[in-house]
Amino acid sequence: MAVSAPFSFLKNRKHNLDRMTLGDLVFSFFTYYAVVAYITVGLISLALAVKWFENPLRMLLAMLAASVAFPFGWYLVHKHILHSRFLYKSPLTAATWKRIHFDHHQDPNDLRVLFGALANVLPTVGGVIAPIGYLIGGKAGAAAALGWAMVITCFYEFCHCIQHLNYTPKLQFLKDIKRLHLSHHFHNEQGNYGITNYFWDRLFGTYYEKSGDRPKSPTVFNLGYTAEEAQRYPWVDRLSGGTRGDGHPRRFWENTAAPGAPQPPTEPAARQEG
């Protein structure tokens with residue numbers, strides 16, 4: 001076993017998905033404090049939706065709206081906020097950007113920074129989905145939409161873990177989204193922003209099926225936070241200790257094409273669980 005206790009309580013321990021089995025992941029996933037919080041909020045919300053139940057059609061419409069709004073919202077946040085460059089340019093937001101996305105692209109297999117921060121995810125999802133549900137079906141619609149959004153959140157997070165786990169999924173759906181997401185991490189980060197839903201990528205022209213469809217991005221690991229940017233905006237650099245942030249000995253912006261330079265991590269070879 002790669003983990004012997006819920007990793008959420010071992011803050012200083014590294015958990016590499018490329019060294020974990022599917023069983024390790026399931027155990028760690030359902031003991032992670034944020035997932036426990038999502039499940040708790042989801043169960044309470046759905047229970048309230050039943051208690052306040054009035055109109056079944058409006059409740060279903062509220063849940064359907066959540067199913068549409070969630071992937072669209074994720075696409076917008078991922079593309080225009082997490083992959084933008086304004087957050088690292090301020091000392092007030094640099095640490096947040098480092099935690100919620102920079103560290104994940106520095107070391108995509110580190111489970112500690114794969115999950116979204118609970119303090120960011122829950123208010124964002126709740127602040128968007130619950131009002132939509134309320135407009136459709138009142139307080140019962142708000143509760144139903146929020147409860148369903150928590151189910152979607154857990155599904156997204158688990159699929160995201162599978163995408164980085166050293167494991168070959170048996171379901172074609174999981175195989176496809178894993179290939180697309182790993183291309184985003186290891187080939188070109190300016191595309192394939194979805195996790196389980198790539199409809200919006202297709203609609204807005206950021207979808208690419210194969211790595212060969214786009215050139216290799218020089219900023220796939222640093223998200224544009226280069227040496228020049230670090231000199232102008234040093235806060236992420238200081239927090240990262242001047243390294244990739246994943247224990248790699250070289251500075252994260254160092255040219256890996258130079259003779260003898262260490263190479264960045266490559267797409268992990270998938271292992272078939274028998």
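Just so it is clear, the values below take in all heavy atoms, side chains as well, and ignore hydrogens, waters and symmetry mates.
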Under 3.5 Å: donor-acceptor pair, side chain of [X], backbone of [Y]:
X	Y	answer
H187	S211	yes
S28	L25	no
S217	N188	no
N192	H184	no
D213	K210	yes
R214	Q190	yes
Y233	E229	no
K216	F186	yes
K139	L48	no

* Asked: Any idea how H83 and Y193 line up, ring-wise: parallel (<30°), tilted (30 to 60°), or perpendicular (>60°)?
  ->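 Rings of H83 and Y193: perpendicular, over 60°.
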- Query: Under 30°, 30 to 60°, or over 60°: which ring-plane class applies to H105 and H78, parallel, tilted or perpendicular?
  - Reply: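 H105 vs H78 ring planes: tilted.
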When rounded to the nearest 0.5 angstrom, what is the spacing between [atom1] in [X] and [atom2] in [Y]?
X	Y	atom1	atom2	result
L171	D176	CG	CG	10.5 Å
I136	L64	CD1	CG	8.0 Å
T124	I129	OG1	CD1	11.0 Å
L92	L87	CG	CG	11.0 Å
L114	Y32	CG	OH	9.0 Å
E209	D201	CD	CG	12.0 Å

Could you state whether [X] and [Y] fall into the same hydrophobic cluster, counting links through intermediate Ile, Leu, Val, Met, Phe, Trp or Tyr residues with side-chain heavy atoms under 4.5 angstrom apart?
X	Y	result
V77	I100	yes
V50	L57	no
M20	F30	yes
V68	I195	no
Y88	I81	yes

Using every non-hydrogen atom in the two residues, find where [X] and [Y] come nearest and quote the distance to one decimal.
X	Y	answer
L223	F102	CD1-CA, 4.1 Å
P169	K175	O-CE, 2.7 Å
A62	A145	O-CB, 3.7 Å
M150	V41	CG-CG1, 3.9 Å
L182	Q163	CD2-O, 3.3 Å
G224	T219	N-CB, 3.5 Å

Report task. Indicate whether the side chain of T21 and that of D24 have a donor and an acceptor atom separated by less than 3.5 Å. Result ->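 Looking only at side-chain atoms, D24 and T21 do form a donor-acceptor pair, the distance falling under 3.5 Å.
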*asked:* Enumerate the side chain to side chain donor-acceptor pair (under 3.5 Å) contacts for residues 46-64, please, sequence neighbours excluded, ordered by first and then second residue.
replied: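 Counting only pairs at least two positions apart or across chains, no side chain to side chain donor-acceptor pair (under 3.5 Å) contact touches residues 46-64.
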Can you run down the side chain to side chain donor-acceptor pair (under 3.5 Å) pairs that involve residues 59-76, sequence neighbours left out, and say none if there aren't any?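 Residue pairs with at least one partner in residues 59-76: S67-W148, Y75-T206.
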- [ ] Sequence neighbours left out, what pairs pass salt bridge (Lys or Arg N to Asp or Glu O under 4.0 Å) with at least one residue falling in residues 80-98?
- [x]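 Of all non-adjacent pairs touching residues 80-98, those that pass salt bridge (Lys or Arg N to Asp or Glu O under 4.0 Å) are K98-D103.
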Could you check whether any side-chain heavy atom of [X] comes within less than 4.5 Å of a side-chain heavy atom of [Y], counting everything from C-beta outward?
X	Y	result
C161	F115	yes
F173	T196	yes
L122	V125	no
F70	N197	no

### Task
List the steps and the verdict of side chain to side chain contact (heavy atoms under 4.5 Å, CB included) for V113 and D107.
CA-CA 8 Å; V113 293; D107 186 0; 5.7 Å; no
inquiry  = Applying side chain to side chain contact (heavy atoms under 4.5 Å, CB included) to V35 and F158, what does each step give before you reach the verdict?
reply    = CA-CA 9 Å; V35 173; F158 189 77; over 6 Å; no
Around atom OH of Y134, are there more than 12 heavy atoms from other residues, nucleotides or ligands closer than 6.0 Å?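 Counting other residues, nucleotides and ligands, OH of Y134 stays at 12 neighbours or fewer.
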| request: Give the intermediate values and the outcome of side chain to side chain contact (heavy atoms under 4.5 Å, CB included) for residues H164 and H160. | output: CA-CA 7 Å; H164 291 285; H160 195 189; 3.4 Å; yes
For T93 and W235, what are the C-alpha separation, side-chain angles and deciding distance, and is it a side chain to side chain contact (heavy atoms under 4.5 Å, CB included)?
CA-CA 9 Å; T93 55; W235 302 288; over 6 Å; no
